Amino acid sequence: MGNDFEKAVPRAGCARPKQSFSGPSVIASGSPSQIRNQGRPGQHYANYHSNSFNSEARRDEVQSRNTSGPNGFSGSGNKFQSPTGTIKAHGGGSQSNLRSLKSLQAVEQYYHTLQQMKWGPMTEHVLDSLHCKIDAFQANQVLKLLHDHTIALGFFQWLKRQPGFKHDGHTYTTMIGILGQARQFGIMRKLLEEMSRAHCKPTVVTYNRIIHAYGRANYLREAVKVFEEMHEAGYEPDRVTYCTLIDIHAKAGYLDVAMDLYGRMQEVGLSPDTFTYSAMVNCLGKGGQLAAAYKLFCEMIENGCTPNLVTYNIMIALQAKARNYENVVKLYKDMQVAGFRPDKITYSIVMEVLGHCGHLDEAEAVFVEMRRDWAPDEPVYGLLVDLWGKAGNVDKALGWYQAMLQDGLQPNVPTCNSLLSAFLKINRFQDAYIVLQNMLAQGLVPSLQTYTLLLSCCTEAQAQMGLCCQLMSITGHPAHMFLLYLPDAEPGGQNVRDHTGYFLDMMHSEDRESKRGLMDAVIDFLHKSGLKEEAGLIWEVAAQKNVYPDSVREKSSSYWLINLHLMSEGTAVTALSRTLAWFHRQILIMGTAPERIDIVTGWGRRSRVTGSSLVRQSVQKLLNLFEFPFFTTRGNTGCFVGCGEPLNKWLHNPYVERMHLL
DNA sequence: ATAGGGTTAG
């Protein structure tokens with residue numbers, strides 16, 4: 001099944017506004033077209049992004065990126081340290097230094113004016129009253145500092161009306177980039193057209209930004225279309241174009257497409273650079289091919305391409321996740337020998353490793369060490385909240401949450417999720433309720449992860465289901481409507497397929513991991529609630545939509561791998577049953593049968609102890625019950641293998657189609 | 001003349 005999906009051109013949807021279910025009545029009676037027509041732009045998701053990073057934090061990032069070279073020294077040259085970050089000023093020489101200073105003042109004036117307000121009729125008057133001439137170069141510098149797209153666009157349009165001012169390719173490209181990041185695709189496109197009319201032809205950079213914007217919002221088809229458009233318009237894609245395409249395809253679960261692009265890039269004579277290598281190392285590692293990732297990392301060095309801090313962080317994180325601690329320590333040292341000081345991300349990776357090994361005190365010690373070089377940010381505090389919460393020590397988790405507030409930081413959604421999860425874990429529902437209410441009161445919009453952890457809790461704590469449901473309901477997340485109005489499966493199940501399809505389309509721009517997490521929780525929940533037919537149908541739709549790209553693949557000709565490794569118990573059983581049923585149908589329809597099937601359960605998602613996995617146990621039970629002819633290989637008791645004639649014979653049984661109902 | 005894009009934690 002997976003192979004068909006993976007081979008095909010990415011089918012991740014096309015660009016259209018995100019929709020949200022507008023209310024129960026729509027869904028209850030919901031024909032698909034009704035839902036479509038009544039959908040309105042998803043406020044929910046727009047908010048999520050403006051909340052998850054405040055502009056202060058982002059500026060901080062920009063600053064640290066710009067100022068620290070490999071050794072933490074700031075670059076020399078004509079740079080001014082200013083409150084708005086490092087701005088490279090005009091030319092050289094003492095005469096031009098004065099000019100630079102004036103130019104800088106203009107940039108600062110406009111920036112400070114714009115930063116303080118929302119865009120409104122008054123803003124223009126204030127800008128007019130500055131009586132300060134500005135050219136396209138300076139305007140571009142101001143634009144780069146503005147993260148709010150409404151303000152940026154307001155300023156951009158105001159500039160057009162200034163006598164003597166003319167936008168150029170840079171200001172257009174920067175504006176297009178800001179709009180793209182804010183997912184304002186319509187306006188972005190308009191501006192691209194306008195650009196040609198204004199005699200500023202777009203460049204490769206302009207196209208790259210657009211491709212990136214679509215890709216990060218998960219509109220892969222659209223991103224590829226722009227890539228083709230660009231080609232037809234006579235532009236040659238460069239390293240950045242390829243790097244962007246590689247990254248977005250890998251993130252969306254199309255690792256093979258990413259690999260293919262990597263090859264094509266080299267065929268046209270573009271050698272990979274540090275960014276491209278980093279992206280590739282990351283996507284191989286995340287795709288479960290750690291050995292290949294490390295090989296590429298070494299190859300990169302052999303080819304004379306130096307890893308940067310990000311590359312090291314990626315490689316360290318991958319080794320940490322695979323629990324190869326010796327490699328972690330080695331890379332950590334190599335990184336410092338290469339002249340890079342650990343940054344907040346490096347420290348976070350180390351802290352997380354320590355936390356997961358149960359050494360929370362040492363994780364705290366690393367926090368103290370980090371503090372010597374960096375001001376802790378929200379994610380670092382959030383990590384400690386999470387680690388203590390997972391360790392079951394909610395007092396410590398709360399302590400770190402409060403330390404974060406005292407440090408003047410605003411909590412964000414992931415951190416609240418960690419705290420919420422900590423309370424749920426020890427069944428303190430009243431406190432969980434307070435956390436959730438607090439989130440809402442602060443204008444934080446519960447995320448897919450919030451809903452997912454509540455639903456998982458609901459599945460586990462059967463006795464407290466009512467309380468969990470209450471919590472799920474007050475999140476206001478569309479996933480709740482999806483579950484609440486899930487219809488009973490009609491024969492053939494088309495109604496459930498449609499319902500699920502529309503929900504997943506709505507969740508389009510969420511990242512794949514989050515979607516997988518939610519679908520996993522939903523399927524597990526339904527399976528355990530006895531709605532097995534529905535669970536099976538939902539799994540099929542999710543698989544079709546590439547939410548589980550790694551679950552089924554043809555390793556070599558007629559040799560298939562079913563990977564249940566990252567799934568919950570209910571999902572694993574459902575996925576396995578439906579996949580075997582698919583093989584059954586393939587035999588009947590196409591006459592093609594697999595020669596061998598490996599069913600990999602790993603140790604299961606929640607197990608920390610080798611060999612004691614709930615997933616493995618349930619899968620084995622299921623296989624035994626249906627007399628699936630399997631054996632296990634030496635050294636891997638979590639892998640069930642079926643092959644040859646016994647497998648073929650077994651797959652012919654009609655009951656294979658109904659396995660998931662048991 | 002000057003400037004613009006892509007990679008990592010939660």
Side-chain angles (χ1 to χ4, degrees), chain A residues 52-53 57 61 65 77-78 87-92 96 99-100 103 107 135-144 168-178 180-181 200 202-213 215-216 237-248 250-251 265 272-283 285-286 300 307-318 320-321 335 342-353 355 370 377-387 404 411-418 447 449 511 513-514:
Chain A
S52 51
F53 294 98
E61 288 299 313
R65 239 202 337 261
N78 265 316
I87 296 170
K88 194 157 192 321
H90 297 195
S96 61
R99 241 184 20 234
S100 304
S103 153
V107 172
D135 62 18
F137 177 86
Q138 295 160 329
N140 190 43
Q141 297 207 5
V142 177
L143 279 173
K144 279 194 292 178
D168 64 7
H170 285 90
T171 52
Y172 265 107
T173 302
T174 305
M175 191 62 236
I176 284 174
I178 296 169
Q181 210 158 29
C200 311
T203 64
V204 182
V205 178
T206 320
Y207 280 106
N208 286 347
R209 297 211 70 171
I210 296 173
I211 292 172
H212 184 240
R216 291 318 289 258
D238 64 5
R239 280 189 180 81
V240 178
T241 319
Y242 278 104
C243 180
T244 306
L245 285 168
I246 287 170
D247 185 59
I248 61 183
K251 287 217 170 68
M265 162 182 181
D273 63 353
T274 301
F275 272 66
T276 316
Y277 273 121
S278 304
M280 282 298 298
V281 167
N282 186 44
C283 75
K286 294 275 163 63
M300 158 181 191
N308 62 18
L309 180 58
V310 174
T311 324
Y312 277 109
N313 281 343
I314 289 170
M315 201 61 240
I316 292 172
L318 290 175
K321 203 158 222 175
M335 180 185 97
D343 70 351
K344 276 183 280 197
I345 297 183
T346 324
Y347 283 115
S348 298
I349 297 163
V350 173
M351 285 164 66
E352 194 172 355
V353 168
M370 180 202 73
D377 59 3
E378 213 279 344
V380 182
Y381 278 110
L383 177 59
L384 280 161
V385 174
D386 196 64
L387 292 176
M404 179 185 79
N412 67 8
V413 175
T415 307
C416 292
N417 286 344
S418 298
S447 61
Q449 285 87 340
D511 70 83
E513 297 275 303
S514 317

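Small disclaimer: the values here were computed from a predicted structure and weren't measured. Values below: all heavy atoms of this structure, side chains included; hydrogens, waters and symmetry mates excluded. Chain naming here is simple, since letters A, B, ... match the order of the sequence lines and numbering starts at 1 in each.
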Check whether any side-chain nitrogen or oxygen of A:H212 sits under 4.0 Å from OP1 or OP2 of B:dT7, and answer yes or no.
yes

Heavy atoms under 4.0 Å, any strand shown: does A:G177 hit a base, just sugar-phosphate, or nothing?
nothing

Would you please determine if the base of B:dT7 is stacked by A:Y277, with stacking meaning a centroid separation under 5.5 angstrom and planes under 30 degrees?
no

Rounded off to whole Å, could you give me the CG-to-P distance for the A:D511 and B:dT8 pair?
11 Å

For the side chain of A:K251, starting at C-beta, report the closest nucleotide among B:dG4, B:dT7, B:dA9.
B:dT7

Heavy-atom closest pair (A:A320 atom, A:V353 atom, distance to 0.1 Å) is CB-CG2, 3.2 Å

Closest to the A:T203 side chain, choosing from B:dT2, B:dG6, B:dG4:
B:dG4

How close or far is atom P of B:dT8 from atom NZ of A:K321, stated in whole angstroms?
13 Å

Is the phosphate of B:dA9, meaning OP1 or OP2, less than 4.0 Å from a side-chain N or O of A:K286?
yes

With A:N313 as partner, the option from A:D343, A:N308, A:N282 fulfilling side-chain hydrogen bond (donor to acceptor under 3.5 Å, both in side chains) is A:D343

Between A:H170 and B:dG4, do the rings stack, that is, sit under 5.5 Å apart with planes less than 30° off each other?
no

Provide, to the nearest angstrom, the distance between the OH atom belonging to A:Y312 and the C1' atom belonging to B:dT8.
15 Å

Could you state the CE-C1' distance from A:M315 to B:dA9, rounded to the nearest angstrom?
16 Å

Need one value for A:E352: base, sugar-phosphate or nothing, where a base atom within 4.0 Å counts as base even if backbone is also close, heavy atoms only.
sugar-phosphate

Phosphate contact (B:dT7 OP1 or OP2) by A:R239 side-chain N/O below 4.0 Å
no

Do any side-chain nitrogens or oxygens of A:K144 fall under 4.0 Å of OP1 or OP2 in B:dA3?
no

Picking from B:dT8, B:dA9, B:dA3, the nucleotide nearest the side-chain atoms of A:I314 would be B:dT8

Tell me which one of A:M280, A:H212, A:R216 satisfies side chain to side chain contact (heavy atoms under 4.5 Å, CB included) with A:D247.
A:R216

Go through the N and O atoms of the side chain of A:T241 and the base of B:dG6, and report whether any donor-acceptor pair is under 3.5 Å.
no

May I ask you to say what A:N140 touches in the nucleic acid, namely base, sugar-phosphate or nothing, with a heavy-atom cut-off under 4.0 Å?
base

Just call it for A:V281: base, sugar-phosphate, or nothing, with non-hydrogen atoms closer than 4.0 Å on any strand.
nothing

Can you measure A:Y242 atom OH to B:dT7 atom P for me and round it to whole angstrom units?
18 Å

Ignoring hydrogens and angles, tell me if any N or O in the side chain of A:D168 forms a donor-acceptor pair with the backbone of A:T171 under 3.5 Å.
yes

Interatomic distance where CD belongs to A:Q141 and P belongs to B:dG4 [whole Å]
8 Å

So A:T415, base contact, sugar-phosphate only, or nothing? Heavy-atom distance under 4.0 Å.
nothing

Side chain of A:Q449, backbone of A:P414: donor and acceptor closer than 3.5 Å?
no

Within the 4.0 Å heavy-atom criterion, would you say A:D386 contacts the bases, only the backbone, or no part of the nucleic acid?
nothing

Atom-to-atom span, CD of A:E378 to C1' of B:dA9 - whole angstrom
12 Å

Protein-nucleotide distance (A:L318, atom CG; B:dT8, atom C1'), rounded to Å
9 Å

Using a strict cut-off of less than 4.0 Å between a Lys/Arg side-chain nitrogen and an Asp/Glu carboxylate oxygen, indicate whether A:K344 and A:D377 qualify as a salt bridge.
yes

Base, sugar-phosphate or nothing for A:N417? Non-hydrogen atoms, less than 4.0 Å.
nothing

Measuring from the side chain of A:D343 (C-beta onward, heavy atoms only), which nucleotide among B:dA9, B:dT7, B:dT8 has the closest atom?
B:dT8

Does A:T173 make a side-chain donor-acceptor contact with the base of B:dG4, cut-off 3.5 Å?
yes

For the CD1 atom of A:I176 and the CZ atom of A:R209, what is their distance to the nearest 0.5 Å?
9.5 Å

